[in-house]
Amino acid sequence: MEVTAIKDFEARLARFPRLGLARLPTPLEPLERLTQALGGPRLWVKREDMTGNGFGGNKLRKLDVLLQEALRQGADTLVSGGVVQSNSQRQVAAAAAKLGLDCHLAVYHGRLSPPTPEYERSGNALLNRLFGATLHDVPWTGDRNAAIEALCAELQAQGRRPYLVPYGASNALGAVAYAATALEIAVQAGELGFHPAAIVHCSGSAATQAGLVVGARACLPQTRIVGIDIDAEPERVRADVLRYAEGAAELLQTPFSEADVEVVAGHAGPAYGVPHEATIEAIKLAGRLEALVLDPVYSGKGLAGLIALVRAGRWRRDDDVVFLHTGGSPALFAYQSALDI
Ligand SMILES: Cc1ncc(COP(=O)(O)O)c(C=O)c1O
């Protein structure tokens, strides 16, 4: 059943061409020392931090499909946005540099107070400038896309041909792009001789989880997708996962069930972008035991959630669980003084 299901899903995904900016498939590797330290289950990591261009990350996989559409439409400018240390907008800036497009970013201030002195200039903020993006400082109002849309309209009025990449590169098409990750894991895990009980990852603007849920239903029906809320808004994250998953399932013409959506609350720390003790512990463990570079906003909180679930006995020792490393490593440098190392 699996080979036929995989071939069928592959054919559905092929209807949504990729640009080829992302280096795929990303590796799936064992985490032997972390597994040993936690006492099981057997942990693996899917290296979505290694998608390539401009330090990579999970958004590049979505952009690979979205930007194919942008070029088809004849866009000359990419427009997006995010908070100062957004990995999403940094990946948009990197893609624009590679494609020779202009890039304008709405940089939101005020969603969180700068947690370190280096927050405003280092990490992703530095890379946005390095990649040549034009940055527009705007206040955070709670509406993730309003300032991006306004910027897009402004550029259009100036005669540009802008393409809008939504906050977090999340929409139904982004979820379609991400569904390919589940297929990759199915193939790689099959070659490695295991079947994942779960794939655990951090969830924010939600298309990553939406894609995984739709892809797993097709290629890994026994695998639970577990999203760790890092926005401290689990109900909003869940609603967005549902919305994008429904949209992606419709585009791909595949089944999808609401029961497949699990968003775990309680690991976001005090607020979005503010690391807590469990995040710092997870970042240090991953670095010391596996040379994995996690960040304090996303992947560090994702691993903190996974560790808490392991300690609570969610899986058996002989289960296999995949941690999806969604990237974000550059943000670590913007939080250097919060790490106390
Ligand atoms: C490093 C990293 N991991 C995870 C996520 C969450 O992915 P999504 O927004 O698709 O839920 C993001 C999104 O901003 C991110 O930058």
Side-chain angles (χ1 to χ4, degrees), residues 26 45-51 54-63 65-66 80-94 108 111-112 123-124 127-128 144-145 165-179 181 199-215 225-234 236-245 247-248 261-264 267-268 272-273 275 279 282-283 286 292-306 323-335:
T26 57
V45 61
K46 175 69 171 163
R47 299 293 304 268
E48 293 288 281
D49 57 319
M50 290 178 67
T51 50
F55 275 106
N58 61 333
K59 309 297 181 178
L60 189 51
R61 205 185 266 276
K62 304 182 198 175
L63 291 172
V65 173
L66 292 180
S80 195
V83 299
V84 174
Q85 287 299 330
S86 159
N87 301 294
S88 181
Q89 64 181 352
R90 179 255 306 161
Q91 285 166 84
V92 175
Y108 292 111
R111 186 174 180 195
L112 64 154
N124 289 310
L127 293 175
N128 289 338
R144 294 160 174 242
N145 282 303
V165 176
Y167 192 96
S170 276
N171 57 19
L173 190 57
V176 166
Y178 219 82
T181 315
I199 298 170
V200 182
H201 69 100
C202 58
S203 201
S205 69
T208 297
Q209 185 167 0
L212 288 171
V213 164
V214 170
I225 306 299
V226 181
I228 308 290
D229 160 50
I230 50 74
D231 268 343
E233 296 174 339
R236 196 226 88 236
V237 173
R238 195 182 133 71
D240 284 348
V241 174
L242 275 175
R243 188 155 56 98
Y244 299 139
V261 176
E262 176 178 354
V263 175
V264 177
H267 304 288
Y272 170 79
T279 315
I283 291 172
L292 283 184
V293 184
L294 304 185
D295 77 276
V297 184
Y298 293 100
S299 50
K301 287 186 178 175
L303 185 63
L306 169 56
F323 172 62
L324 192 94
H325 185 341
T326 45
S329 317
L332 185 67
F333 300 96
Y335 281 81

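Note that this is a predicted model, so its numbers are computed, not measured. We count ligands from 1, going down the list as the structure has it; atoms in each ligand are counted the same way.
Summary of contacts: the protein heavy atom closest to atom 9 (O) of ligand 1 is S205 OG, 2.5 Å. At the top of the distance list for atom 3 (N) of ligand 1, counting protein heavy atoms only, stands T326 OG1, 2.6 Å. Protein heavy atom closest to atom 7 (O) of ligand 1, with residue, atom name and distance, is N58 ND2, 3.2 Å. Of all protein heavy atoms, the one lying nearest to atom 16 (O) of ligand 1 is N87 ND2, 3.0 Å.
Residue-ligand proximity, G328 to ligand 1, at heavy-atom distances under 4.0 Å covers atoms 1 (C). Of all atoms in ligand 1, listed by their number and element, those nearer than 4.0 Å to a heavy atom of A206 are 8 (P), 9 (O), 10 (O), 11 (O). Residue contact check: G327 has heavy atoms under 4.0 Å from atoms 1 (C) of ligand 1. Of all atoms in ligand 1, numbered sequentially from 1 with element shown, those under 4.0 Å from a heavy atom of S203 are 11 (O). Remark: ligand 1 atoms within the under-4.0 Å shell around heavy atoms of A207 are 10 (O).
Counting only N and O atoms by type, the side chains of Q89 and S80 include no donor and acceptor under 3.5 Å apart. Side-chain atoms of N58 and T208 form a donor-acceptor pair, as typed in the model, at a separation below 3.5 Å. Of the N and O atoms on the side chains of Q85 and Y298, not one donor lies less than 3.5 Å from an acceptor on the other residue.
By the 6.0 Å and 45° rule, R90 does not stack over the aromatic ring of F55.
Residue-level proximity to ligand 1 for K59 is carried by the side chain, the only part with a heavy atom below 4.0 angstrom. Within the 4.0 Å heavy-atom criterion, neither part of V297 lies near ligand 1.
Remark: distances from the non-hydrogen atoms of K62 to ligand 1 include one below 4.0 Å. For the pair G57 and ligand 1, no heavy-atom separation below 4.0 Å is found.
Of the listed residues (T51, T326, T181), just one forms a side-chain hydrogen bond (donor to acceptor under 3.5 Å, both in side chains) with R61, and that residue is T181.
Closest non-hydrogen pair, A175 versus A210, comes out as CB-CB, 3.9 Å. Taking every heavy atom of both residues into account, K62 and S205 meet most closely at NZ-OG, 4.2 Å.
When only interatomic distances are considered, the shortest N/O to N/O separation between Y298 and ligand 1 falls below 3.5 Å. Taking any N or O of S299, backbone or side chain, none lies under 3.5 Å from an N or O belonging to ligand 1. Where the criterion is an N or O separation shorter than 3.5 Å, residue side chain and backbone included, G204 meets it with respect to ligand 1. At under 3.5 Å, not a single nitrogen or oxygen of S88, backbone or side chain, sits near a nitrogen or oxygen of ligand 1.
In this structure, the side chains of V241 and S203 come closer than 4.5 Å at one or more pairs of heavy atoms. Put simply, the side chain of L294 reaches to within 4.5 Å of the side chain of F323, judged on heavy atoms.
Contact check on R144 versus D240 returns no salt bridge, with no Lys/Arg side-chain nitrogen under 4.0 Å from an Asp/Glu carboxylate oxygen.
Using bins of under 30°, 30° to 60° and over 60° for the plane-to-plane angle, the ring pair Y167/Y108 lands in the tilted bin.
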